[in-house]
J.: 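What follows is a single structure, and I will ask about it in a moment.
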Amino acid sequence: MEAEAQAHWEATGAFRVTEDPTREKYYCLSMFPYPSGRLHIGHVRNYTIGDVISRFMRKQGRNVLQPMGWDAFGLPAENAAMDNGVPPAKWTYQNIEYMKGQLKSLGFAIDWSREVATCSPDYYRWNQWLFLRMLEKGIAYKKTGVVNWDPVDQTVLANEQVIDGRGWRTGAPVEKREIPMYYLRITEYAPDLLAALDRLPGWPERVRTMQANWIGRSEGVRIGFPYELDGERKLLNVFTTRADTVMGVTFCAVAAEHPLAARAAKDNPELAAFIEECKRGTAMEAELAVMEKKGMPTGLTVTHPLSGEAIPVWVGNYVLMTYGEGAVMGVPAHDERDFGFALKYGLPIRFVIAPAGGAPKEQQEGAPPVPLQEEAPATEWRPEFAEHGVCINSGKYDGLEYAAAVEAIAADLARLGLGEKQVQWRLHDWAISRQRYWGCPIPLIHCPTCGDVPVPDEDLPVLLPENLVPDGSGNPLAKEPSFYECLCPRCGGQARRETDTMDTFVDSSWYFMRFACPDNDQAMVDERANYWMPVDQYIGGIEHAILHLLYSRFWTRVMRDLGLVKVDEPFQNLLTQGMVLNDIYSRRMEDGRIQYFSPADVDVQLDDKGRRIATLRSDGEPVEWEGMRTMSKSKKNGVDPQELVERYGADSVRLFMMFKAPPEDSLEWSDDGVEGAARFMRRLWRMVYEHVSAGVAAKQVPDELTGEQREMRRVVHATLAKVTDDIGRRRVFNTAIAAVMELMNALAKFEDRTEAGRAVRQEALEIIVQALSPIVPHACHALWRALGHDDELMDRPWPKADPAALVKASIEVVVQVNGKLRGRVTVAADADEAQVREAALADPGVQKWVGDKVVRKVIVVKGKLVNVVV
RNA sequence: GCCGGUGUGGCGGAAUUGGUAGACGCAGCAGACUCAAAAUCUGCCAUGGGCAACCAUGUGUCGGUUCGACUCCGACCACCGGCACCA
């Protein structure tokens, strides 16, 4: 049955769309998959959500584009190549072929004529082309950056290839290394990327918050601490949001990579060793944040810009070279990190802020501000130390509160030429160089005489050879003379081609525009992009909330500024779907290692306390339940969608995914649940066939109906209204399906076999089939025909609930006494407040609780509830 | 560590704008049909008390606002996602 529907759609080219300016477009996009080999259950969820929305919008009359492509560059292809010797290109193309078949078997309404793979030269040449434009405009530039270096394999490692600070293959301690890389000046767009978040009401609040925090605008003051070294007068610049605490500075700390640290280490071997230690180990923020704060004095001092005091300079492993200028001022009394640092190394702690408004609770209100502690041997951090307050021990600034103090101090520093107010961003420029093979080549040529020379446009694309097999040590491109040997386009001399490739986030930053015009070999995008863009609905995992979405917003702005497209924002509405989880079962082996078992191989029973008793089917011995987690190969808790589709059919799998949880929540896998979905499909099927096998029913419901028939019809139209709202506005599908299930339960009890009754039933079944068609399109396609129609269900406009059918004669109102439910009364639907109130007070159940007490207040909520307060 | 989220029966979830907590489904139990099984259908199913009508308790914990709180506010606990080279 499903194959037949799919063949029909294929034969009629049902999902092919063309630009039609006379019709309102709807661009529904799901994040394209990495072609890892097989479809993951998470993909199935993602694409089912997109398909439901696409098919629903199509029935709303929109010209719907739902494309699909492949995020085809990346590390897994190189890993697979190392494992089995197959070149990444071959592996990738095979995977694409297989997964495309899987997607087709799920019946998604995808326009396959627009398929794009990022590893295809037709696609990535435009990465290269735009990169060159960015280079011309100064958006792309070169500087050094830090990478994880495996000293044994002589190769750069991705973060995920670093395990506990060691290379995943060699086990060698990883080092931080500085190498030249290309960067994109995303920071130039930071103010706009931040401000425009307010103009994205179709994005989840939390994603906008995460992006805003990531961009991290903070207002503060740059403070220069003068020093003299090697006969030169210089400034050590720090950035602080707490300039009001500047009189409490007792040290400064610089990052290990800071030039001052390097200079000081020149004649201090101990310090040089410490700096080396800092450079070893991780470059990851998460690990840096939890590691022990360490430091070492440089022996150098700088001058406090306002007090003239000599301030020692330390090297601190917690200072980030990538934020501000890689140096911070240390105010131990009012910053938790500085406090810990000072305590550890015996640095003075000077309190310069007193609580505003006479704070600590034990203090009298209105009393003059009293310092928390003064140069006291504070040994324990208290969060209130970091709160804003009033300056003390700060000379002329004493008594000023936060804003005034910052203003006064910034003004004085500006007068001295030692600082100014400044806006600092947490966001830093995007490093796109990757020392890897399976990615888009960066189109540059390094010439010994001309320097870095861009590849001329007419020589694009710089083709990535597809026959290489990485071996884990270094980038194969750098060992392939046929790739890197070239002539300088400027002087014609021998030169070397850049062997770094681009971050795969580049590929995914604009693929959604290419879907509009995938066949254009003359331009990156054309007018068709202006027809389709922006994406009306984007659907993908919450894990992409920051990086992919931010890079895409940036890339779109760059393309806009180059006049390539008109939109500012790529994605109008965003739905971040939750992850798919499954049980994890494990057992600790004798050698201490943990072995994982597939939930399919485990029998589960519940004991009398509801606890889970799990045993391995093969040996009957117990296994440990570790809870529900995201599916992963290593935990052996993945579920193969293909097997499910073969066993239960695509519709059942789609129905289960949409019914089990709201799209934004995580979804817990359950085999029983799919079974239940299949059961529902059979029930629907049977219900339609039982009806039609009894003969043709009238397609028009007669005007004269019995009370029961009218009530049945009311439920049908109320359900339709709810489903329309749930899918169209609320984007929740589980409640829409639940509503249809309720309707089917009611319809099963509706046994009226009169002509009018059968007409009501016919209408009910037609509405059910249409309402479910975006979710379970195959069965609905077939059932629509069974119900006696020969038009295309997919293109039939979405049905509208009949307002006349929704009218109710009477309604039930619940009655509370002091907020507790004590009775129910049925009143006419048009009863006024006084009538409802009277009926409520007259109810015997209510009477019992009111008794002879005085009714103090009666709250009437129209059509819902009455609360009697006694 | 920082940022974001989640927490409701045995389980997944529902309650859309502060107004009946537990819709719908899964699992379970009982029954119908059957020689039997499967499939299907019907009923029961938060906890405690009660023969019952009914009563009390209950949405992670503690406190607050309100006639009324799963929903709003404050503090806390647990778990999950992201943290710039996984995609």
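Reminder, nothing fancy here: chain letters follow the sequence lines and each chain counts from 1.
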J.: Under 4.0 Å: is that the gap between some side-chain N or O of Lys820(A) and OP1 or OP2 of rA21(B)?
T.: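 Answer is no, no contact under 4.0 Å.
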J.: Determine whether a donor-acceptor pair (one donor, one acceptor, N or O, separation below 3.5 Å) exists between the side chain of Lys722(A) and the base of rU16(B).
T.: yes
J.: OP1 or OP2 of rC55(B) sitting under 4.0 Å from any side-chain N/O of Arg822(A)?
T.: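 Result: yes.
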J.: Would you please confirm or rule out a distance under 4.0 Å between OP1 or OP2 of rU20(B) and any side-chain N or O of Asn867(A)?
T.: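 Looking at the OP1 and OP2 atoms of rU20(B), neither is under 4.0 Å from any side-chain N or O of Asn867(A).
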J.: Any donor-acceptor pair under 3.5 Å between the side chain of Arg824(A) and the base of rU20(B)?
T.: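 Yes, a donor-acceptor pair under 3.5 Å.
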J.: Answer with base, sugar-phosphate or nothing: what part of the nucleic acid does Phe680(A) contact at a heavy-atom distance below 4.0 Å?
T.: nothing
J.: Considering only atom P, compute the distance from rG50(B) to rG68(B) and round it to an integer number of Å.
T.: 32 Å
J.: Describe, in one word, how the ring planes of Tyr47(A) and His43(A) are oriented to each other, choosing from parallel (under 30°), tilted (30 to 60°) and perpendicular (over 60°).
T.: parallel
J.: Please state the P separation for the pair rA37(B) and rA32(B) - nearest whole angstrom.
T.: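 Nearest-Å result for rA37(B) against rA32(B) at atom P: 12 Å.
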J.: Can you find a donor-acceptor pair, distance only, under 3.5 Å between Arg682(A) side chain and rU40(B) base?
T.: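 A donor-acceptor contact between them is absent.
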J.: For the P atoms, the ones on rC73(B) and on rA78(B), what distance do you get once it is rounded to whole angstrom?
T.: 22 Å
J.: With a non-hydrogen cut-off below 4.0 angstrom, is Asp725(A) in contact with a base, only sugar-phosphate, or nothing?
T.: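 It contacts base atoms.
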J.: OP1 or OP2 of rC55(B) sitting under 4.0 Å from any side-chain N/O of Trp849(A)?
T.: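 Yes, because at least one side-chain N or O of Trp849(A) sits under 4.0 Å from OP1 or OP2 of rC55(B).
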J.: Using a heavy-atom cut-off of 4.0 Å across all strands, would you classify Ser670(A) as base, sugar-phosphate, or nothing?
T.: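 Nothing, no heavy atom under 4.0 Å.
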J.: Given 3.5 Å as the limit, does a donor-acceptor pair link the side chain of Tyr123(A) with the main chain of Asp507(A), or not?
T.: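 Answer holds: yes.
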J.: What is the distance, rounded to the nearest whole Å, between atom NE2 of His544(A) and atom P of rA84(B)?
T.: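 Computing the His544(A):NE2 to rA84(B):P distance gives 15 Å.
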J.: Looking at every strand, decide which applies to Pro662(A) at a 4.0 Å heavy-atom threshold: base, sugar-phosphate, or nothing.
T.: sugar-phosphate
J.: Does OP1 or OP2 of rA14(B) have a side-chain N or O of Asn734(A) closer than 4.0 Å?
T.: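 Answer yes for this pair, as a side-chain N or O of Asn734(A) is under 4.0 Å from OP1 or OP2.
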J.: For the backbone of Pro35(A) and the side chain of Asn95(A), can you confirm whether one donor and one acceptor N or O come within less than 3.5 Å of each other?
T.: yes
J.: Base, sugar-phosphate or nothing for Ile859(A)? Non-hydrogen atoms, less than 4.0 Å.
T.: base
J.: Could you give the CE-to-C1' distance, from Met658(A) to rG12(B), as a whole number of Å?
T.: 16 Å
J.: Under 4.0 Å between any heavy atoms, over every strand shown, what does Gln816(A) touch: base, sugar-phosphate, or nothing? Just pick one.
T.: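 Answer is base: heavy atoms of Gln816(A) come under 4.0 Å of a base.
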J.: Would you indicate, yes or no, if rA87(B) has its OP1 or OP2 atom less than 4.0 angstrom from a side-chain nitrogen or oxygen of Thr504(A)?
T.: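 So the side chain of Thr504(A) is within the cut-off, an N or O lying under 4.0 Å from OP1 or OP2 of rA87(B).
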J.: Are Gln816(A) and Leu865(A) packed together at the side-chain level, in the sense that at least one heavy-atom pair is separated by less than 4.5 angstrom?
T.: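 Touching, per the 4.5 Å side-chain cut-off.
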J.: Between Asn159(A) and Gly676(A), who's closer to the 5' end of RNA chain B by nearest nucleotide?
T.: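 Looking at the nearest nucleotide for each, Gly676(A) comes out on the 5' side.
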J.: For rG74(B), give the paired nucleotide (Watson-Crick: N1-N3 plus N6-O4 or O6-N4; G-U: N1-O2 and O6-N3; both under 3.5 Å), or none.
T.: rC62(B)
J.: Indicate, with a heavy-atom threshold strictly under 4.0 Å, whether Arg337(A) touches base, sugar-phosphate, or nothing.
T.: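 Touches nothing.
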J.: Rounded to whole Å, please give me the gap between CH2 in Trp438(A) and C1' in rC85(B).
T.: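 Spelled out: CH2 on Trp438(A) to C1' on rC85(B) is 18 Å.
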J.: Would you please name every residue forming a ring pair (Phe, Tyr, Trp, His ring centres under 6.0 Å) with Trp430(A), sequence neighbours left out?
T.: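 Applying ring pair (Phe, Tyr, Trp, His ring centres under 6.0 Å) to Trp430(A) gives Tyr551(A).
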J.: Would you please classify the geometry between the Tyr511(A) ring and the Tyr538(A) ring as parallel, tilted or perpendicular, with 30° and 60° separating the classes?
T.: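 The arrangement is tilted - the two ring planes meet at 30° to 60°.
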J.: Would you measure the distance from the C1' atom in rC80(B) across to the matching atom in rC67(B) and give it in whole Å?
T.: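 It comes out at 38 Å once rounded to the nearest Å.
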J.: What is the separation between atom CD1 on Ile775(A) and atom P on rC24(B), rounded to the nearest whole Å?
T.: 18 Å
J.: Is the shortest distance from a Lys or Arg side-chain nitrogen in Asp500(A) or Arg434(A) to a carboxylate oxygen in the other one below 4.0 Å?
T.: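 Looking at Arg434(A) together with Asp500(A), the answer is no, because their closest N to O distance does not fall below 4.0 Å.
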J.: Would you say a side-chain N or O of Arg679(A) is under 4.0 Å from OP1 or OP2 of rA27(B)?
T.: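 Arg679(A) to rA27(B) OP1/OP2: side-chain N or O found under 4.0 Å.
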J.: Could you state the atom-to-atom distance from CG of Leu684(A) to P of rC24(B) in whole Å?
T.: 18 Å
J.: Would you say a side-chain N or O of Arg206(A) is under 4.0 Å from OP1 or OP2 of rC3(B)?
T.: no
J.: What does Trp214(A) touch in the nucleic acid at a heavy-atom separation under 4.0 angstrom: a base, only the sugar-phosphate, or nothing?
T.: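 The residue Trp214(A) makes base contact.
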J.: With heavy atoms under 4.0 Å as the rule, sort Val207(A) into base, sugar-phosphate or nothing.
T.: nothing
J.: Is a donor-acceptor contact shorter than 3.5 angstrom present between the side chain of Gln435(A) and the base of rC85(B)?
T.: yes
J.: Can you see if the side chain of Asn213(A) gets near the phosphate of rG4(B) - specifically, an N or O under 4.0 Å from OP1 or OP2?
T.: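 Answer yes for this pair, as a side-chain N or O of Asn213(A) is under 4.0 Å from OP1 or OP2.
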J.: Once the angle between the rings of Phe73(A) and Trp438(A) is folded into 0 to 90°, is it parallel (under 30°), tilted (30 to 60°) or perpendicular (over 60°)?
T.: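 Judged by the thresholds at 30° and 60°, the geometry between Phe73(A) and Trp438(A) is perpendicular.
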J.: Does the structure show a Watson-Crick or G-U wobble partner for rA21(B), both distances under 3.5 Å? Name it, or say none.
T.: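 WC or wobble partner does not exist here.
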J.: Please state the C1' separation for the pair rU59(B) and rC70(B) - nearest whole angstrom.
T.: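 It works out to 5 Å between them.
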J.: When both hydrogen-bonding distances must be under 3.5 Å and the geometry is Watson-Crick or G-U wobble, what is rA30(B) paired with, if anything?
T.: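 Per the H-bond distance test, rU42(B).
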J.: Identify whether any heavy atom of Ser508(A) sits under 4.0 Å from a base atom; if not, whether one sits that close to sugar-phosphate; answer base, sugar-phosphate or nothing.
T.: nothing
J.: Could you label the plane-to-plane angle of the Tyr189(A) and Phe554(A) rings as parallel, tilted or perpendicular, counting under 30° as parallel and over 60° as perpendicular?
T.: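 Perpendicular, since the angle between the ring planes exceeds 60°.
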J.: Under 4.0 Å between any heavy atoms, over every strand shown, what does His548(A) touch: base, sugar-phosphate, or nothing? Just pick one.
T.: nothing
J.: Is any side-chain N or O of Arg730(A) closer than 4.0 Å to OP1 or OP2 of rA15(B)?
T.: yes
J.: Mind checking if Met31(A) touches a base, just sugar-phosphate, or nothing, with heavy atoms under 4.0 Å?
T.: nothing
J.: Roughly how far apart, to the nearest Å, are rG48(B) and rG58(B) at atom P?
T.: 15 Å
J.: Could you classify rG9(B) for me, syn or anti, using a glycosidic angle within 90° of 0 as syn?
T.: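 Because its glycosidic torsion lies within 90° of 0, rG9(B) adopts the syn conformation.
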J.: Could you check Glu812(A) against Asp429(A) and say which one's nearest nucleotide on RNA chain B is further toward the 5' end?
T.: Glu812(A)
J.: Tell me: CG of Asp150(A) to P of rC85(B), nearest whole Å?
T.: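 Answer to the nearest Å: 18 Å.
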J.: Rounded to whole angstroms, how far apart are CH2 on Trp168(A) and C1' on rC86(B)?
T.: 10 Å
J.: With sugar-phosphate meaning primed atoms plus P, OP1 and OP2, does Val162(A) contact a base, only sugar-phosphate, or nothing at under 4.0 Å between heavy atoms?
T.: nothing
J.: Using Watson-Crick or G-U wobble geometry with both distances below 3.5 Å, tell me the partner of rG1(B), or none.
T.: rC83(B)
J.: What is the distance from CZ of Arg629(A) to P of rC80(B), rounded to the nearest Å?
T.: 5 Å
